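In what follows, a structure is listed as structure tokens, so that the remarks can point back to it.
Please read all numbers here as calculations on a predicted model, not as lab measurements. Numbering starts at 1 and runs along the sequence shown.
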Amino acid sequence: MAYTTHAQLDESLPNDTRAFGLIFILGFVVLLAVACAAALLTLPWRSWLPGAEGQSSMFGAVKAATYTFMSYLN
């Protein structure tokens, strides 16, 4: 059985945090662009994004959709 030391865990944490942050920001920007384009075209975009159906604000809906998207990556 391989043992990991505390130092090995500390070294991997910042890389994982950066990767999660980068994927979250990219997903948020893409979903925000979809929501903005659909809002300008007066289309019902909230039903397109899973998790965004019950939100009242655009940013809250995009954030909820991004977290739903991120949960599928695990």
State whether the side chain of Ser47 and the backbone N or O of Pro44 hold a donor-acceptor pair below 3.5 Å, judged by distance alone.
yes
To the closest 0.5 Å, what do you measure between CG (Leu31) and OG1 (Thr68)?
9.5 Å
Same hydrophobic cluster for Leu41 and Leu32, using side-chain heavy-atom links shorter than 4.5 Å among ILVMFWY?
yes
Taking only residues two or more places apart in sequence, or in another chain, which ones meet Phe20 in a ring-ring contact (aromatic ring centres under 6.0 Å, His included)?
none
Name each donor-acceptor pair under 3.5 Å that joins a side chain in residues 50-64 to protein atoms two or more places apart or in another chain, with its distance.
{"residue": "Glu53", "atom": "OE1", "partner": "Gly51", "partner atom": "N", "Å": "3.2"}
{"residue": "Ser57", "atom": "OG", "partner": "Gly60", "partner atom": "N", "Å": "3.0"}

Going by heavy atoms in the side chains, are Trp48 and Val34 under 4.5 Å from each other?
yes
Any link between Ile23 and Tyr67 through a network of hydrophobic side chains (Ile, Leu, Val, Met, Phe, Trp, Tyr) touching at under 4.5 Å?
yes
If hydrophobic residues (ILVMFWY) are linked whenever their side-chain heavy atoms come closer than 4.5 Å, directly or via other members, who joins Ile25 in its cluster?
Val29
For the CG atom of Leu26 and the CZ atom of Phe69, what is their distance to the nearest 0.5 Å?
9.0 Å
